[in-house]
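The structure appears below as C-alpha cells.
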Amino acid sequence: MKEHIDDLAIFGGLPAFQEALHVGRPNFGNRERLLMRIDDMLNRKWLSNNGPYVQELERRIADMIGVRNCIVMCNGTVALEIAIRALELKGEVIIPSFTFVATAHALQWQEITPVFCDIDPDTHTIDPLCIEKMITPRTTGIIGVHLWGRPCDIAALEEIAAAHRLKLLFDAAHGFGCSYKNRMIGSFGNAEVFSFHPTKFFNTSEGGAIVTNNDVLAAKIRLMKNFGFSGYDNVIYVGTNGKMNEFSALMGLTNLESLNDFIAINQNNYQAYRQELGSVPGVSLIDYDHGEKCNYQYVVLEIDEAITQVTRDQLVEILRAENVLARRYFYPGCHRMEPYRSHFPHAGLVLPETERVAKRVLSLPTGTAVGPDEIRKICHILRLAIEYGPQARERLSDHGPAVPMTKHINAGARWSVPTNREGQALSI
Ligand code: T4K
C-alpha cells in the first residue's frame with residue numbers, strides 16, 4: 001500500500017496497476033448468445049439493409065422506452081446529423097458548449113451555426129435561463145444534452161421551445177436507460193438521439209438511434225438513412241447511408257439482455273467511489289437522482305483546486321502514471337475547439353460556468369472492467385495525492401506540463417498528435 005508521496009508512480013514508485021484501467025471499457029452480454037446470433041447471421045447471409053436483427057432491436061428499444069418509433073443507425077453522430085436534417089433545422093441552433101464535440105459538429109457539418117449556451121453548474125446541463133438571451137430571428141431549434149445521463153430541465157426547455165416556435169431535439173447519447181419524471185429518456189421533444197458506441201454502458205459496437213413519437217418524422221428519417229429509397233429502384237428523397245448493420249444489431253440485442261446487470265454494476269461502483277471519496281476535502285462526486293431510473297455510467301469528480309492544492313490536471317497525470325487513464329470529459333468545451341474557437345473567439349465571456357466546470361471535472365473508470373478492489377486502490381491514490389497536495393503541486397510544476405504531451409495511444413493502434421497544456425495540437 002502506498003503511504004508516502006514518493007510511493008506514487010509519478011515520483012518513482014511502482015504503478016498501482018500493471019494494465020491500464022480505461023474510462024469507457026465496453027460491457028458485453030452473454031458470449032454464448034452472442035456467438036449463437038453471429039452463427040445465425042452467417043447462416044442467413046443477411047448482413048445489413050434492415051435485416052431481422054435490426055428490426056428486432058428497434059422493436060425492443062421502442063418497447064423499453066415506450067416510444068412509437070426507434071430507428072437504429074450506424075453511430076450517434078450520423079443519427080444526430082440525420083435528426084437535425086429531418087427536423088429542417090437551419091440558421092442557428094442553441095446547444096451547450098459543455099458536451100462532446102459531435103453535438104456541435106453535427107450542426108456545423110450542415111452549415112448550421114451552433115450557438116453555445118452556458119450550463120447550470122449544479123446539473124452540467126444547458127441552463128434554460130441563458131437560452132432566451134441567445135435566441136435571434138435566425139434561431140430554429142434547441143438541442144439539449146442529457147450529460148452524464150442526467151436529464152436536462154426538460155419542462156423548461158419544452159416551454160421555451162413552444163413559446164418561440166423552436167424545434168426541440170435531445171442529444172441523449174448518455175441517457176439510455178434513464179428517466180425524467182418517471183418517463184424514459186427518448187420520449188421527449190421532437191426526437192432524441194442515443195449513442196451505442198463501445199464507450200457507452202450499452203453498446204452495439206458502433207451504433208446509435210433516433211427515437212420519436214412522430215410517425216411522419218420517423219418515416220422521413222427512415223428514407224434519409226437509406227439513400228431515400230422507398231422500395232426497389234425508387235428514390236423519393238435525398239438521403240445518405242446511416243444504416244446499422246446486423247452484427248451491431250445482434251450485439252445490441254445480446255447486450256440489452258444484460259442491461260440491468262450493467263446498471264447494477266455501475267451503481268455499485270458509483271456507491272463504492274462515493275464511500276471512498278465522500279470525505280476527501282476539495283473533491284465532490286456528481287450526484288444522480290436516485291428516485292429516477294439512472295444508468296450511473298459516468299463517475300465524475302469535481303476538483304476544487306483551491307482546497308486540494310494539487311491541480312485537476314496534475315491529478316490526471318498522477319493517476320495516469322499509476323495506469324489509471326482518467327479523462328477530462330468534456331474539457332475544454334466545444335467553444336475552445338476548432339472551428340468554433342476561430343468563429344467565436346470571445347464565446348468564453350458568455351460561458352462562465354462552462355469555463356469553470358470544464359476545468360474541474362475528472363472522469364474515472366467504471367463499468368464491468370472495474371470492481372471494489374480497483375476502486376479502493378484508485379481512491380487511495382487520489383487521497384494520498386491530495387494529502388500531499390502542496391508538495392505534489394510544487395514537484396509537478398517543476399516537471400513542466402501537467403498533462404501528457406500526447407493523447408494516450410490505445411494498444412498502439414492510434415495515431416496521436418502532440419498537444420499543449422490546453423489540448424491544442426502542436427504543429428508537427
Ligand atoms: N453526443 C455526445 C454527448 C457524446 O458523448 C457522443 C459520443 C456523441 C454525441 C456521438 O456519438 P457516437 O457518434 O460516438 O456514437 C469517446 C467516444 O468515441 C464517443 O463515442 C463518446 N461520445 C465520447 C464521450 O468518448 P474518445 O475520444 O474519448 O474515445 P477513446 O477512443 O479515447 O476511448 C475512450 C476509452 O475507451 C479508451 O481509453 C479505451 C476505451 N475503449 C474504447 C474503444 C473505442 C475500449 O476499451 N474499447 C473500445 O473499443 O471519445
Side-chain angles (χ1 to χ4, degrees), residues 50 54-95 102-103 106-107 110 112 126 131 139-146 151-196 207-231 235-244:
N50 204 29
V54 158
Q55 291 179 35
E56 188 181 344
L57 182 63
E58 289 185 340
R59 272 196 311 274
R60 289 200 186 241
I61 293 176
D63 285 351
M64 173 191 139
I65 288 166
V67 71
R68 288 178 63 82
N69 305 281
C70 169
I71 306 112
V72 292
M73 302 257 171
C74 54
N75 61 55
T77 304
V78 167
L80 271 174
E81 287 167 6
I82 292 178
I84 287 164
R85 202 172 173 111
L87 284 169
E88 295 175 14
L89 298 183
K90 47 189 179 296
E92 295 173 359
V93 172
I94 299 171
I95 67 168
T103 321
L107 292 163
Q110 310 184 66
I112 300 166
I126 195 163
I131 292 179
T139 309
T140 57
I142 302 168
I143 304 180
V145 182
H146 305 306
C152 301
D153 185 347
I154 295 176
L157 296 187
E158 282 175 343
E159 209 171 295
I160 297 170
H164 295 270
R165 293 168 176 264
L166 301 174
K167 301 274 174 54
L168 182 59
L169 177 64
F170 289 104
D171 177 338
H174 304 177
F176 195 61
C178 302
S179 68
Y180 171 83
K181 297 192 177 165
N182 294 317
R183 213 172 105 191
M184 294 305 280
I185 291 292
S187 58
F188 295 95
N190 295 99
E192 303 208 48
V193 174
F194 294 121
S195 163
F196 304 143
I210 304 176
V211 277
T212 177
N213 278 317
N214 183 329
D215 295 347
V216 177
L217 183 68
K220 194 167 162 187
I221 289 166
R222 285 195 183 283
L223 284 175
M224 284 183 153
K225 66 123 198 209
N226 187 29
F227 315 100
F229 271 108
S230 169
V235 172
I236 61 167
Y237 212 81
V238 64
T240 183
N241 183 353
K243 289 168 283 148
M244 178 180 277

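Computed from a prediction, not measured in an experiment: that's the story for all the values here.
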Exceeds 12 heavy-atom contacts within 6.0 angstrom, atom CZ of Arg60: no
Which heavy-atom pair separates Ala83 from Val193 by the least distance, and what is that distance? CB-CG2, 3.9 Å
If you define the side chain from C-beta out and look only at heavy atoms, does anything of Leu87 sit under 4.5 Å from Thr140? no
Can you measure from CZ (Phe227) to CG (Asn241) and round to the nearest 0.5 angstrom? 4.0 Å
If you count heavy atoms of other groups shown closer than 6.0 angstrom to CZ of Arg85, is the number above 12? no
Separation between CZ of Phe229 and CG of Asn50, rounded to the nearest 0.5 Å: 14.0 Å
What pair of heavy atoms forms the shortest contact from Asn213 to Arg68, and how long is it? OD1-N, 2.9 Å
Ignoring hydrogens, what is the shortest heavy-atom contact between Ile126 and Gly144? Give both atom names and the distance. CG2-CA, 4.4 Å
Within-4.5 Å side-chain heavy-atom neighbours: Phe188 and Lys181: no
Can you tell me how far apart NZ (Lys167) and CD1 (Ile143) are? Round to the nearest 0.5 Å. 12.0 Å
Has the side chain of Tyr180 got a donor or acceptor atom that lies under 3.5 Å from a matching backbone atom of Ala155? yes
Is there a side chain to side chain contact (heavy atoms under 4.5 Å, CB included) between Ile82 and Met73? Walk through the geometry before answering. CA-CA 10 Å; Ile82 292 178; Met73 302 257 171; 3.8 Å; yes
Interatomic distance, Ile221 atom CD1 to Met224 atom CE [nearest 0.5 angstrom]: 8.0 Å
Qualifying residue for side chain to side chain contact (heavy atoms under 4.5 Å, CB included) with Phe194, from Val72, Asp171, Ile65: Ile65
Within the distance-only criterion (no hydrogens, no angle test), does the side chain of Thr212 pair as donor or acceptor with the backbone N or O of Asn69 below 3.5 angstrom? no
Residue pair His146 / Ala172: nearest heavy atoms and the distance that separates them: CD2-CB, 3.7 Å
Measure the spacing between NZ of Lys220 and CD1 of Ile71 and express it to the nearest 0.5 Å. 12.5 Å
Test item: Asn190 side-chain N/O and Leu168 main-chain N/O as donor-acceptor pair under 3.5 Å: yes
Closest heavy-atom pair and its distance - Met244, Gly207: CE-CA, 3.9 Å
Could you report the tightest heavy-atom contact between Ala191 and Leu169, atom names first, then the distance? O-CD1, 3.3 Å
CD1-CD distance between Ile84 and Gln110, expressed to the nearest 0.5 angstrom: 5.5 Å
